[in-house]
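Right, one structure below, let's go through it.
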Number of protein chains: 2
Amino acid sequence: MNIGEVSTHTGLPVKTIRYYEDINLIKPLRDNNGYRRFRDQDIHKLNFLGRARTLGFTIEDCRTLLALYEDETRASSDVKRVARDHLAQIDAKIADLKGMRQTLSHLVDACAGDDRPDCPILKDLGGKL
Amino acid sequence: MNIGEVSTHTGLPVKTIRYYEDINLIKPLRDNNGYRRFRDQDIHKLNFLGRARTLGFTIEDCRTLLALYEDETRASSDVKRVARDHLAQIDAKIADLKGMRQTLSHLVDACAGDDRPDCPILKDLGGKL
DNA sequence: TATAGAGTCTCCAGTCACTGGAAGGTAAAG
DNA sequence: CTTTACCTTCCAGTGACTGGAGACTCTATA
């Protein structure tokens with residue numbers, strides 16, 4: 001398969017696939033004309049990567065997970081640790097965003113949103129409370 | 001005030017303050033020795049920026065908000081629009097993260113996390129369900 | 001007065017995970 | 001044969017900083 005077809009199959013942009021080769025996540029073969037030729041295993045890896053990225057894993061996490069995936073003798077505890085750490089990061093981010101959301105929604109509610117200049121949002125940002 | 005003292009007062013790193021000058025968010029004066037000299041208004045702006053950034057506004061949003069802050073004839077509706085849009089972005093991000101969290105926590109729970117190689121997390125990522 | 005240390009300056013490069021675009025070669029369709 | 005689509009590499013830009021090099025200035029102590 002050429003890169004365009006792979007892109008269609010995996011849902012990953014062509015640019016992204018090339019990038020993943022650049023950083024050694026995949027190693028497709030090359031045809032005589034220089035075109036990349038993707039085997040089933042390459043496509044499988046790309047799907048793996050796409051799914052992992054969708055779940056928010058960093059590229060380095062993906063590299064680790066892919067290595068564990070290929071290692072038949074892995075311990076599931078190693079996989080679980082990576083996932084649990086990532087879950088903790090997600091929770092931290094959600095908490096952070098919820099904090100912002102809380103403050104911001106109060107401010108938005110308090111703002112008249114009319115033609116007058118008086119504005120509680122700016123008052124808060126300016127430290128005048 | 002010199003930059004170090006301003007950093008202490010505002011809680012913003014020295015590097016960040018210089019960066020904000022670079023991108024024209026603030027315009028401190030200069031002493032004869034070339035050191036930046038910050039007036040009260042500069043510090044006030046930096047606090048404004050720090051607070052806005054804490055609430056997750058982008059730098060461009062901050063630029064807009066700062067301009068509105070300085071404009072005595074603004075309409076609060078303009079401020080409110082920026083804030084409401086940002087709030088929508090935050091909500092989208094939270095929803096996205098919650099989706100990840102949901103899937104991921106199920107997988108983490110399902111994984112034994114022991115010495116054996118069998119792992120539902122990798123099974124999911126590999127598309128073998 | 002000499003000097004050590006802290007503070008400041010500018011400029012360049014790196015982060016993360018792509019994304020866009022230029023310039024050029026190759027393949028398939030009409 | 002030409003057009004069009006696809007492929008290649010390489011370079012630069014994104015956002016919001018952050019780190020570091022190399023040089024200058026200020027302050028405190030010996």
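All chains are named by letter (A, B, ...) in the order of the sequence lines, taking the proteins before the strands, and each is independently numbered beginning at 1.
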Using atom [atom1] of [X] as one end and atom [atom2] of [N] as the other, report the distance to the nearest whole Å.
X       : N      : atom1 : atom2 : answer
B/Ile17 : C/dG7  : CD1   : C1'   : 13 Å
B/Glu5  : D/dT27 : CD    : P     : 12 Å
B/Leu12 : D/dA16 : CG    : P     : 14 Å
B/Leu49 : D/dA16 : CG    : P     : 12 Å
A/Asn2  : D/dT8  : CG    : P     : 7 Å
A/Asp22 : D/dT8  : CG    : P     : 12 Å
A/Lys15 : D/dC7  : NZ    : C1'   : 12 Å
B/Phe38 : C/dC9  : CZ    : C1'   : 12 Å

At under 4.0 Å, does any side-chain N or O of [X] touch on OP1 or OP2 of [N]?
X       : N      : result
B/Arg36 : C/dC9  : yes
A/Thr16 : C/dA17 : no
B/Tyr20 : D/dA16 : no
B/Arg18 : C/dC11 : no
B/Arg30 : C/dT10 : yes

Geometric class of the B/His44/B/Tyr69 ring pair [parallel <30°, tilted 30-60°, perpendicular >60°]: parallel
Electrostatic pair [X]:[Y] at N-O distance under 4.0 angstrom:
X        : Y        : value
A/Lys27  : A/Glu21  : no
A/Arg39  : A/Asp42  : yes
B/Asp118 : B/Lys123 : yes

Hey, does B/Arg37 reach any base, or is it just sugar-phosphate, or nothing, if we go heavy atoms under 4.0 Å? nothing
Any base atoms under 4.0 Å from A/Ile3, or only sugar-phosphate, or nothing? Heavy atoms, all strands. sugar-phosphate
Please figure out whether B/Asn33 or B/Phe57 has its closest DNA chain D nucleotide nearer the 5' end. B/Phe57
Any donor and acceptor pair, going by atom type alone, linking the side chain of A/Arg51 with main-chain N or O of A/Leu55 inside 3.5 Å? no
Which residue lies toward the 5' end of DNA chain C, A/Tyr35 or A/Tyr19, if each is placed at its nearest nucleotide? A/Tyr19
